[in-house]
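Data block below; observations after.
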Amino acid sequence: MLSRKNVIRAVTIALIGATSLSAQALAQDLTIGVRAGPDSIDPHWSTLGSQAESLRHIFDTVVAVDKDLQLQPGLATSWTAVDENTWEFKIREGVKFHDGSDLTAEDVKFSIDRIPQVTGPMSMTIYTKSVESVEVIDDYTVHVHTKGTAATLPNDFIRLFVVSSEIGTVGNEEFNAGTAAIGTGPYKFVSWEPKGDLVLVRNEDYWGEAPAWENVVRKEIPNDASRVAALQSGEVDLINYVPATDYAGMQNDPRLDTFISDSVYILNITPNVKDELPVKAKVNGAEIAENPFQDLRVREAMDLAINRDILSQVVLEGLGKPANQLMPATFFGGSTALPEREYDLERAKALLAEAGYPNGFEIDFACTNNRLPGDAAVCEALSQMWARAGLKVNANALNGTVFFPAQQAGEYSLWLSGWGTLTGEASYTYGSLVHTADPEKGLGAFNKSGYSNPEIDALLEEGARTLDDDKRRALYTQVTELSMNDRVLIPTVIIQTVWAAKADTLTFEPRVDQETLAQLITPVGQ
């Protein structure tokens, strides 16, 4: 005799076969365990990837991208450079905000104008740095006037989230409570607990393809072991950032499916090259006045002392690849001419001696902890590798909520953090990290090392003015090669990302930006 449970199951199967019920009607709820969630529900608060990933459920961007970061229509159906200093964006008609009001060009203008007014921990102005003014032509046409030619403006607008102009002047309190969390995205805001659950409900009036799930919960579970346990116990349906230590076992577990992909995220070392270090270096236990990192020989020595194969295959247990530049070489402006970075410990020691540090020096080294897979482990491994070259490097892995404000305030002498080229082209990365810090031009917003090279600055600025793709690519490739040979930042490894889900339940295609978006996940068979 069938149990009551099996009778119910049999009836359900029969109904599916006899009717046109969709998988969407049956599979209503999705719970995702994520390492990091938003720091605010205000989409203009921070540039962090975990922030954008979370809020992409609620808000749409002017320009969208596919899983490989190729530009796609978003709230704008098209964009055209109408003259050297003006881009025209045609806004999608028939789109409604979650409160039922119509999206118009006024909302796009309001959102662009709002970004410089939001004082979050990591300024979003890197996406509006080229904007001089915004002109509403009609209800569905916007002209964005730029500070000179801005060839990559559509790329910048992939992170330009649109909010309703009706919210007026509001801050975190209103967004976090939900009163200002009025987007046009596939999901509506229900509730959010900082460092806890972001609860969403399907937007039944969404302009795009209807998402499969009626209810979505994104549970922030920073601890890797706890996140894996939550999947194994059935508390969540899918998790991101599966740790390397669990990946092999999961591949052999019939109860689980795993998904792996290269990402755009690279763990980079930044040496502070300012005249005075915030935390001074020491020789023989005594602080020294000079900054060793101002000497290219020291930066090159630190680079040569890194065994990237060990980092990739041992420290990251095969879930990484050696990096020789700040973004994948295939991205717009990347270089295929740069050689792979050498590991040469004896040459590293010789260079340190030539620079006046035959017995090395001591320095503090700050890193993120669990912001990206393996970041803390790579941090510790680098410290040990540099020790073999005669350096005493005090590694300190910190939670992102501590690390990033201090890093932005210029408190570190040497640090490691991840960066992803989310626009797929070089001006985003090199214009933010390598160009001389210049608030008036909106360039160098994340250059906290004090590095300044007029030749690189001029190439970046010329590239931004060059509409011809081939010429602009050549200019940015020069920037890549010059800055990498100067060891402005020292790339270490490209992170590979693993997701896991209950076996045979979900269809999921990884993205290179590592985003885990409920609207792109479907039940198996749908």
Side-chain angles (χ1 to χ4, degrees), residues 42-45 47 52 55-56 59-65 69-93 95 97 102-118 123-167 183-185 207 332 422-429 431-432 435 438-445 460-469 472 476:
D42 186 339
H44 302 150
W45 178 250
T47 62
L55 300 186
R56 210 177 288 282
F59 304 93
D60 289 313
T61 52
V62 173
V63 179
V65 287
L69 300 186
Q70 299 303 300
L71 300 187
Q72 302 285 328
L75 290 180
T77 56
S78 65
W79 44 92
T80 309
V82 295
D83 60 46
E84 289 188 350
N85 301 324
T86 307
W87 281 90
E88 180 176 274
F89 291 84
K90 289 292 186 180
I91 307 306
R92 190 179 297 275
E93 298 185 31
V95 176
F97 282 100
D102 292 324
L103 167 78
T104 70
E106 287 290 350
D107 302 301
V108 175
K109 171 179 167 55
F110 174 81
S111 299
I112 297 172
D113 292 342
R114 182 177 184 269
I115 285 176
Q117 301 168 15
V118 178
S123 176
M124 295 280 288
T125 54
I126 61 171
Y127 303 110
T128 58
K129 61 183 181 295
S130 302
V131 177
E132 180 70 43
S133 63
V134 184
E135 179 184 5
V136 173
I137 303 302
D138 58 44
D139 281 351
Y140 299 102
T141 307
V142 168
H143 280 184
V144 179
H145 302 288
T146 57
K147 303 169 185 176
T149 304
T152 61
L153 189 70
N155 297 82
D156 290 338
F157 279 11
I158 70 170
R159 292 291 290 275
L160 179 56
F161 291 97
V162 175
V163 299
S164 170
S165 58
E166 296 301 313
I167 64 174
T184 60
W207 59 268
F332 191 96
L422 298 173
T423 61
E425 51 81 37
S427 69
Y428 171 82
T429 288
S432 299
H435 190 287
D438 190 333
E440 288 188 8
K441 293 180 179 178
L443 292 164
L460 280 166
E461 291 172 33
E462 184 181 352
R465 297 190 297 267
T466 303
L467 290 173
D468 183 284
D469 283 350
R472 187 167 74 258
Y476 289 157

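Every value quoted in this text rests on a predicted model; they were computed, and no experiment measured them.
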Q. What pair of heavy atoms forms the shortest contact from Thr128 to Pro116, and how long is it?
A. OG1-CG, 4.4 Å
**Q.** Qualifying residues under side-chain hydrogen bond (donor to acceptor under 3.5 Å, both in side chains), relative to Glu461, sequence neighbours excluded
**A.** His435, Lys441
Q) CD1 of Ile167 to CZ of Phe97: how many Å apart, nearest 0.5 Å? A) 9.0 Å
Q. Roughly how far, to the nearest 0.5 Å, is the CD1 atom of Ile115 from the CD1 atom of Ile126?
A. 10.0 Å
Q) Around atom CD of Glu84, are there more than 12 heavy atoms of other residues, nucleotides or ligands at under 6.0 Å? A) no
Q) Just how far is it from atom CG of Asp102 to atom OG1 of Thr184, taken to the nearest 0.5 Å? A) 12.0 Å
Q. Charged N to carboxylate O below 4.0 Å: is that the case for Lys109 and Asp113?
A. yes
Q.
Between Thr141 and Lys90, do the side chains contain a donor N or O and an acceptor N or O under 3.5 Å apart?
A. yes
**Q.** With Asp139 via side-chain contact (heavy atoms from CB on, under 4.5 Å) - residues at least two apart
**A.** none
Q: Please report the closest heavy-atom contact between Pro43 and Met124, naming both atoms and the distance.
A: O-CE, 3.6 Å
Q) What is the minimum heavy-atom distance between Phe157 and Val144, and which atoms define it? A) CE2-CG2, 4.1 Å
**Q.** Side chains of His145 and Ser133, donor plus acceptor under 3.5 Å
**A.** no
Q. Looking at side-chain heavy atoms only, is the closest gap between Trp207 and Leu75 below 4.5 Å?
A. yes
Q: Return the minimal non-hydrogen interatomic distance between Ala105 and Asp138, and the atom names on each side.
A: CB-O, 3.4 Å
Q: Using the side-chain contact (heavy atoms from CB on, under 4.5 Å) rule, take Trp87 and Thr80 through it: C-alpha gap first, then chi angles, then the decisive distance, then the call.
A: CA-CA 6 Å; Trp87 281 90; Thr80 309; 5.5 Å; no
Q) Does Ala464 offer a backbone N or O that forms a donor-acceptor pair with the side chain of Arg472 under 3.5 Å? A) no
Q | Note, Val108 side chain near Val62 side chain (heavy atom, < 4.5 Å) | A | yes
Q.
Nearest 0.5 angstrom please: Tyr428 OH to Tyr476 OH, how far?
A. 14.5 Å
Q) Can you tell me how far the OG1 atom of Thr61 sits from the CZ atom of Arg159, to the nearest 0.5 Å? A) 9.5 Å
Q. In chain order, what residues pass the side-chain contact (heavy atoms from CB on, under 4.5 Å) check against Ser165, with sequence neighbours excluded?
A. Asp107, Phe110
Q.
Set out, in order, the CA-CA distance, both residues' side-chain angles and the distance that settles side-chain hydrogen bond (donor to acceptor under 3.5 Å, both in side chains) for Glu425 and Thr423, then state yes or no.
A. CA-CA 6 Å; Glu425 51 81 37; Thr423 61; 2.9 Å; yes
Q. Taking the side chain as C-beta and beyond, is there a heavy-atom pair between Ile91 and Leu103 under 4.5 Å?
A. yes
Q. Got a second to check how far Ile158's CD1 is from Gln72's CD, nearest 0.5 Å?
A. 11.5 Å
**Q.** Nearest non-hydrogen partners of Ser130 and Ala150, listed with the distance
**A.** CB-CB, 3.6 Å
Q: Report the C-alpha separation of Phe89 and Val63 in whole Å, then their side-chain angles, then the decisive distance to 0.1 Å, and conclude whether the side-chain contact (heavy atoms from CB on, under 4.5 Å) test is met.
A: CA-CA 10 Å; Phe89 291 84; Val63 179; 4.2 Å; yes
Q: Determine whether Thr47 and Ser123 make a side-chain contact, defined as any pair of heavy atoms from C-beta on separated by less than 4.5 Å.
A: no
Q) What pair of heavy atoms forms the shortest contact from Phe59 to Val162, and how long is it? A) CD2-O, 3.7 Å
Q: Indicate yes or no for a side-chain donor-acceptor contact from Ser111 to the backbone of Val163 under 3.5 Å, with no hydrogens or angles considered.
A: yes
Q | Matching residue for His143 among Val134, Ile137, Asn85, Asp83 - test: side-chain contact (heavy atoms from CB on, under 4.5 Å) | A | Ile137
Q.
Can you confirm whether Trp79 sits close enough to Glu88 that some side-chain heavy atom of one is under 4.5 Å from a side-chain heavy atom of the other?
A. no
Q.
Given 3.5 Å as the limit, does a donor-acceptor pair link the side chain of Thr146 with the main chain of Gly148, or not?
A. yes
Q) Would you call Asp156 and Lys129 a salt bridge, using N to O less than 4.0 angstrom? A) yes
Q. Side-chain contact, heavy-atom cut-off 4.5 Å: Val131 with Ile112?
A. yes
